[in-house]
Amino acid sequence: MNADEISTILENIARLLALKGENPFKTRAYLNGARAIEMFAGSLREAAEKNQLGQVEGIGKALAEKISELILTGKMEYYERLREEFPAGILELFELPGLGEKKIKVLHEQLKITGIPKLEEACRDGRIAALPGFGEKTALKLLAAIETRRSTADLFTFGSIASDARAVHQALRDHPAVGQVSPAGSYRRRKEIVHDLDFVASTREPEAVGEYFASLPEVTGIIAQGKTKVSVRLRSGVPCDLRLVSDAEFPFALQYFTGSKEHNVALRQRAMARGWTLNEYRIAPTREDADPIPPMQEEREVYRALGLDYIEPELRENHGELEAAEAHTLPELVQLEHLRGTFHNHTTASDGRDSLRAMAEAAQELGLQYLGIADHSKSSVIANGLNEQRLEAQLKEIDALNAEYRGQFRIFAGTECDIHKDGTLDFDDSLLAQLDYVVASVHVNFTLSEAEQTARIVRALENPHVTMLGHVTGRLLLQRSAYEVNIPAIIDAAARTGTIIELNANPRRLDLDWRWWKNARDKGVLCSINPDAHRTEALQDLWFGVGAARKGWLRREDVLNCLPLNQVIRALAKKRKAAQA
DNA sequence: GCCGTTTTCGGCCCGACTGTTTTCAGTCG
């Protein structure tokens, strides 16, 4: 039972209590408890065993007992009983945007709605629109939400399946009869959203390996099991295919199953021009006068045989990579190892889980030379944003730590400064001028028109103290779409003002989207790959960001945080300096 | 249900937006 699972159960309790009409402060106590668990830095099991959960702020005697029971026995009697009082489908109603506890209570009590199917029915037959407090628009909005949910039910963010993918990959590598093995498909191409996970492995014992694969602990169900292909479902819910081929077939199978479909179509056309056919097993001649076929043992050699430089999987979207590979102009893509530091990270001063020192130590353990802190600004009340006094106190704390590090490591003092509705910033220029850098972000007023939203952001970029723009579109993958904004205009404004654009590496964001980066790069906009980490482990989200940057054709020199410490200081100061000149 | 205390009960995060209303309730972050 991990922290996420525990906090979900506490949230569910809060929801069910609200439906029962319990004291709202009691339900909030459960929500606070859920947050406290999420924010807990340490071993929950150990805390439960030592009876120390009650010492955590937000967890009192009652919650400590219930959470301990959950951790130590895997079950919570109170929760089980509570659930029996409601239909099983009631909790899924909370996943629909626009529905909260009050409305669900009305739906349950007045219309006997037990889950999404019944709700859909009631939306269609007019019962929802007729309810007091509801209306025609509410019914339409709910139908739209149900439809969105249906259409994204078989989609997964890259981040949500990455740990499954790593575990399965490692397990396959560990099998003695497996020769070569690699992920393939959209996962290998580092698409931000995937619908399944593919692996290709070479072996002389396909049936034994298939059997082994189907019985891995990550597997929750078998969809199909044949001699050379096994399909299963993994813990995260994602379907996962394994293709078993011979060593000789491996490079072709890997290439074929990595895709994309469009990339492969273009590739097969090139094969055809040489009198060859290319499929998942081999390249073979289709006519007598075909070009001779070179021997190929690696995927790289398949591309070479077709007259192409090796194309990294991330680029295989038929977005110009084949032409570039032929002309030897493919970019040398940025790698995780190139990163020297990172910006936009939070601490306990605002809504982070870990202290400034803990974050700095975690960054050093990752081998980074510097870490930028950017806690929320005062307008982000929910996120416990810092006011001027608290920010100044944090500056002093950072100075003290930097003195301790004696140049071996550097913390950069920044802020994630809210951009107001009119494009002004949450702090005065005089305060911003004291900081090493400023991330400007939109957190409210998502529904402005495209023109207004764009003008708002452009105005923020024109402030000489705004070093970089945070999560440009505010999207949350599979959850919340981007707000309306003219991205080319933003890119132009960033280029004109010398503002860096963030590639938010949080796997739910990956914002700005990879499809824009080649364009931004060509206009001279620098990228900063930022994890937006709210806890030490999340610094490792940088890996997701690097994947997106690679998909966006970014090279080491296009990324701010590939710069070594002495150069990054100059890069951060560049915009302000230019404004003074 | 938690917390903090003037120790045993009273207060508990806040502002914007949407759709329902006709001045506000519910949701969301």
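Model, not experiment: these values are computed from the prediction.
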What does the list of N/O pairs under 3.5 Å between the protein and nucleotides 21-23 of chain B look like, with a distance for each?
none

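OP1 or OP2 of B:dT18 lies within a sub-4.0 Å distance of a side-chain N or O belonging to A:Thr447.
Near DNA chain B, meaning a heavy atom under 4.0 Å away, there are no residues from residues 114-128 of chain A. Listed in residue order, the members of residues 63-88 of chain A having a heavy atom less than 4.0 Å from DNA chain B are A:Leu63, A:Lys66. For the segment residues 20-31 of chain A, the set of residues with a heavy atom within less than 4.0 Å of an atom of DNA chain B comprises A:Asn23, A:Phe25, A:Lys26, A:Arg28, A:Ala29, A:Tyr30, in numerical order.
Cation-pi geometry between A:Lys66 and A:Tyr79 is not satisfied (NZ or CZ under 6.0 Å from the ring centre, within 45° of the ring normal).
Anti is the glycosidic conformation of B:dT18, whose angle departs from 0 by more than 90°.
Nucleotide B:dT8 is matched to nothing when pairs are restricted to Watson-Crick or G-U wobble geometry with both distances under 3.5 angstrom.
Every side-chain contact (heavy atoms from CB on, under 4.5 Å) that A:Glu69 has, sequence neighbours left out, goes to A:Thr73, A:Met76, A:Glu77.
Remark: C1' of B:dG11 and CG of A:Asn32 are 13 Å apart, rounded to the nearest angstrom.
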Task: Per-nucleotide protein contact string for nucleotides 24-29 of chain B, where B marks a base within reach and S marks sugar-phosphate only (heavy atoms under 4.0 Å, - for neither) - done: --SSSB
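A:Glu11 and A:Arg35 are not joined by a salt bridge, as no carboxylate oxygen comes within less than 4.0 angstrom of a charged side-chain nitrogen. Salt bridge annotation for A:Arg353-A:Glu537: present, with a cationic side-chain nitrogen under 4.0 angstrom from a carboxylate oxygen.
Heavy atoms of A:Val56 sit under 4.0 angstrom from primed sugar atoms or phosphate atoms, though from no base atom.
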TODO: Verify ring-ring contact (aromatic ring centres under 6.0 Å, His included) between A:Phe156 and A:His195, making sure each step is shown before the conclusion.
DONE: CA-CA 6 Å; A:Phe156 303 84; A:His195 70 271; 9.1 Å; no
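Ring orientation note: the planes of A:Phe412 and A:Tyr437 are nearly perpendicular, at an angle over 60° on the 30°/60° scale. Taking the six-membered ring where tryptophan is involved, the planes of A:His443 and A:His471 are perpendicular, since the angle between them exceeds 60° and thus also 30°.
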